[in-house]
Structure formats: C-alpha cells, structure tokens
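Below is one structure, written out as structure tokens; the observations come after it.
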Protein chains: 2
Amino acid sequence: MTLAYDTETHAAPPAIAEVMQRLGLKMSFAKDEEIFAQDEDADLVHLVVSGAVRTTRLLSDGRRQVGAFYYPGDLIGLETGPIHRFSAEAICDSVVLVVRRTALKAFAGDGQLDRAIWEATRRELERTQEHLLVLGRKTACEKVASFLMSLAQRERPEAAATRVSMPMSRQDMADYLGLTIETVSRTITQLQADGLIEVRCCRQLLLKRPRALAELCE
Amino acid sequence: MTLAYDTETHAAPPAIAEVMQRLGLKMSFAKDEEIFAQDEDADLVHLVVSGAVRTTRLLSDGRRQVGAFYYPGDLIGLETGPIHRFSAEAICDSVVLVVRRTALKAFAGDGQLDRAIWEATRRELERTQEHLLVLGRKTACEKVASFLMSLAQRERPEAAATRVSMPMSRQDMADYLGLTIETVSRTITQLQADGLIEVRCCRQLLLKRPRALAELCE
DNA sequence: CGAACTTTTGAACCCCTTCAACATCAGTGG
DNA sequence: CCACTGATGTTGAAGGGGTTCAAAAGTTCG
C-alpha cells in the first residue's frame, strides 16, 4: 500500500492518511458490495487499503455513469458535501479504513489539515474536469486510449508503465467512458490489431507503443 | 447583481464576495475576449459583475469542451490549482471584479473564509459531476432539456422559471453538451414541435411544460 | 465437468454527425 | 430605405460511429 502524494491519483495527503491509520476502523467489502449509497449522509471518510472501488450514479431507467475508480492509498469522501451524490461499491473484495468526518475535523483545527482537505477536493475536481473532456469530445478509440494511459500513469507515475492490470469489468469501463461493453471490447481488439497494445488476459494488458497511445489522447 | 448563496449556481459565498468588492479591480471584456488562458498561472480570482463567461478546454485538433457558464454574482478561479486547466472567455461584453489570490489569502486566516473557499470548490465539483452524467449517459434530447432546466433554475431558484434567456451561442451550447450546433438546433425545434417549449427568438425561450422537461432529465 | 458469468464477435440498425443550402439578423454604407 | 455583407441559426439529405440484438467463445468456481 503506497501513500505517495501524487496529483494524478486520488492519493491521500500524508497528514490525513496518518490520522486515518491512527483512528480508522478496518472494514471489508465483498465484490460489488455497496460501501455507501447515493443520497446517503456523507459522515464517513474512506481510505482504500486493498482492492478497488468505483463511484457510480444512476439515471431512473438504470443507465449508469461511473464517476471514478479508487485504488489502495486513495481517499474517498473528503470532497463530498453533506450528502453523497454518487454511490460507492467495491470492484473486487476490498478493505478500507473508515473514519467519521467529525473525528477528522477535530484534528483539522491546525489549518494544515484544512488545507489538505481543500487540496484533495481540488484534485478531485481537476480529475473530473479531465473526465469531462473525455466524455464530451473524444471518440471511442480516444476514450479507451485515455483510460489505458491514466491506468498506466497510476501504476508508474514517473514514466508510463507498459504493463497494466485492470480490476474492473468491461461494464465498469464502458460506464466510465460513456460507451457500451461491446464498443469497449471491439476497441481493445482494434488497438491490439494495430499493435498498440497486447492483450494477455482480458484484464491484463501490455502497452506496446505507449507513445502512440498517448498521441490518441492529446 | 444578486449575491445570494445558492448551491445550484457558482454564486460567491458572502464572505468572499465582500472582500472582492472591497479589493477588486473592475475590468471590462469584449465579447469573445479571453479573461485567462489555459495553462496560465492562476493567481487571480474573478467575480462576474455583468455579462456572462464560459470556461473552455481544447483538444489539439480544435475540438472544444465548455466546462461551465458563469453569470453575475458567480466566482471563477477560487477552485483552481496553481495553473488554469481551462481558459475563460467573455460570452458577451462583460465586467468582472479581479483580485489576487494572495490578497484573498491574506484575509483567509480566520478559517471562516478558508471554509468558504472549500465550499466553493466542493460545489464546483458537484456541478462538474452532474455535468459528467449528462455527457456520459444522456441522449441529445435529454442533454438539451437538462441544460434548459439548469438555466431555468438559475434564474428563479425557488421554482423553475418559465422564461429563459441565453447569452451563449448554439456553438457554446453544443460544446457544453458534447453535440454539434445542428443537433442542438434540431433538438430545440423538436422540443417546440412537441409543445414543451416556445422559441421567442433564438436566445429567448419559454418553458411551456417544465414538468415534462424535468422528466426528460431524471 | 458443468453452470453462470464475462468477454468477444457478427450483423443490422439508428442516432447523431457531416456536408450543403437556405434563412435570419445586425451592422454598414450608398 | 434598401442593398450588401458577414455572422449566426435552421433545415435537408446522406453517411458513419456506436448501439442493439444475438450468439459464440472464454473464464471462474462450485
């Protein structure tokens, strides 16, 4: 479990991670189990220890939008208002540390932690704005390429990794990118045919030409 | 110019609006003039006094995504990190109050203003997340309906107004909703044919059946 | 193995885009 | 006042990218 403070991930600021580890209650969630619900009071903050988490929002007819994916070291819930606009579910069996926001607030008087909370919110906003551009103005191919590159950067922030493993299903990817599972699957097949990636198993990829992939995201 | 503190708009928290009005430099921008640029240092905070502003992000080939629209009383720039991820332009001739963030920070020691900054960031995040759902999972018709309803709520927060005037062009709407101008135009024509709205002139609409429109957004 | 689920592949369709023409409006100057 | 011009918006027709529906192939786990 890495707790590095990285602007490109949801990583918890060290000050908050420390408090979480001191005060946090360890909870386990099975695959697809709900961690918190849409419209629920947001009185808890979660730090992912192992596994992976997605946040989702539903339209009345069941169409789903995935807001973001969270991995070990990432923080969920600091940035939310009094009520959760998205629900959160475990993508696979996961463990998270849970702390009451009020408990965190009790340690936030010194201003430094206050600032850390704002930073976390601000970075969440930046990622969401990036996501906005992907959903609004990119093609299916560019969407998938953008997603793969963001996964790669997460694993090796200093230089895009060539090996990428994905805990989420094709449905999760599709709902994150505003596509269907069929389109995601076809696009991955196409990227492989073009020699940009290699599919080891369906949740384990090799980025053969990361430079070319990155150009698809510009 | 209203400075009401409304969670559904970009309205400035009273504490910040007050400081802005005391310290702000009044600047005028012509239609389509740039207020700040993408990748520029974000050392200024802007309060819209009159007119309207859009934030935009460009892909390398010129495709454009509009991030948000801002109206009198709305604040721009508090939520940004050290560098602007979006540029901002005046939609029509506009006046804004400008203050250095450092100047604002000097008044932020009391914690209450600190909290106001976080709240502003948090509400910006919530709106962006709402926008995410619109871009990712809604049809053209639902997108336009959602946009019209958000405009209506802005004008009369207590009960959706029936009269809506839009300072932005069809191109701005299209780039906000991830559509083309033709599709936006056709959709508006269709909504009128269905009796949901009435087009007075192309930037002045009447919402005839706001309830039905709202159902399109669910 | 066998059942349930996930992923891939195929074929037809459709919503939105693209390309093109026309309409409308504001501003300018004869 | 009207002709001219450029910007903006609307409408039409054709095309394409992504969806939908269907079925096969692969994966997981009892």
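Below, each value reflects all heavy atoms present in this structure, side chains not excepted, and no hydrogens, waters or symmetry copies. Please read all numbers here as calculations on a predicted model, not as lab measurements. Letters A, B, ... are given to chains in the order of the sequence lines, protein chains preceding strands, and every chain is numbered from 1.
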Below the 4.0 Å mark, does D:dG9 have OP1 or OP2 next to a side-chain nitrogen or oxygen of B:R203?
yes
Check whether any side-chain nitrogen or oxygen of B:T183 sits under 4.0 Å from OP1 or OP2 of C:dC16, and answer yes or no.
no
More 5' along DNA chain C: A:R137 or A:R170, using each one's nearest nucleotide?
A:R170
Base, sugar-phosphate alone, or nothing: which one does A:K143 contact when heavy atoms must sit under 4.0 Å apart?
nothing
Nearest whole angstrom, please: distance from the P of C:dC16 to the NZ of B:K138.
14 Å
For D:dT11, does either OP1 or OP2 sit under 4.0 Å from a side-chain N or O belonging to B:T189?
yes
Here the distance between atom C1' of C:dC15 and atom CD of B:Q190, to the nearest Å, is 13 Å
Among the nucleotides C:dG10, C:dT8, D:dT11, which one has an atom lying closest to any side-chain atom of A:R186?
C:dG10
Start with the C-alpha distance between B:R123 and B:E126, add both sets of side-chain angles, then the distance that settles salt bridge (charged side-chain N to carboxylate O under 4.0 Å, His left out), and finish with yes or no.
CA-CA 5 Å; B:R123 288 184 296 121; B:E126 280 187 3; over 6 Å; no
Rounded to whole Å, the CE-P distance (B:M166 to D:dT8) equals 15 Å
Counting neighbours of CZ on A:R22 that are heavy atoms of other residues, nucleotides or ligands and sit closer than 6.0 Å, is the number greater than 12?
yes
Using atom CG of A:D32 as one end and atom P of C:dC5 as the other, report the distance to the nearest whole Å.
12 Å
From the list C:dC16, C:dG10, D:dT11, which nucleotide is the closest neighbour of the side chain of B:L179?
C:dC16
Does the plane of the ring in A:H84 sit parallel, tilted or perpendicular to the ring in A:F36? Use 30° and 60° as the thresholds.
parallel
How is B:S169 classified with respect to the nucleic acid when contacts are heavy atoms under 4.0 Å: base, sugar-phosphate, or nothing?
sugar-phosphate
Salt-bridge present (B:R57, A:E130; N to O < 4.0 Å)
yes
Between CG of B:L135 and C1' of C:dC16 the distance, given in whole Å, is 15 Å
If you check the B:S185 side chain, which of D:dT10, C:dT8, C:dT17 turns out closest?
D:dT10
For B:V199 and for A:C201, locate the closest nucleotide of DNA chain D by heavy-atom distance; then report the residue assigned to the nucleotide nearer the 5' terminus.
B:V199
Between A:R200 and A:C141, which is nearer to the 5' end of DNA chain D once each is assigned its nearest nucleotide?
A:C141
Under-4.0 Å side-chain N/O to phosphate OP1/OP2 contact, A:K31 with D:dT28:
no
For B:R100, is the CZ atom crowded, meaning more than 12 foreign heavy atoms sit under 6.0 Å from it?
no
Under a 4.0 Å N-O cut-off, is there an ion pair linking A:E40 with A:R85?
no
Whole-Å distance, B:L191 CG to D:dT10 C1', equals 15 Å
Whole angstrom value for the distance that separates C1' of D:dT10 from CD1 of B:I181:
10 Å
Among C:dT17, C:dT7, C:dT9, the one nearest any side-chain atom of B:T180 is C:dT17
Just the rounded figure in Å: distance from P of C:dC16 to CE of B:M173.
14 Å
Considering only side-chain heavy atoms of B:A140, which listed nucleotide, C:dC16, C:dT17, C:dT9, is closest?
C:dC16
Identify which nucleotide among D:dT11, D:dG18, D:dG9 has an atom closest to any side-chain atom of B:E182, counting heavy atoms from C-beta outward.
D:dT11
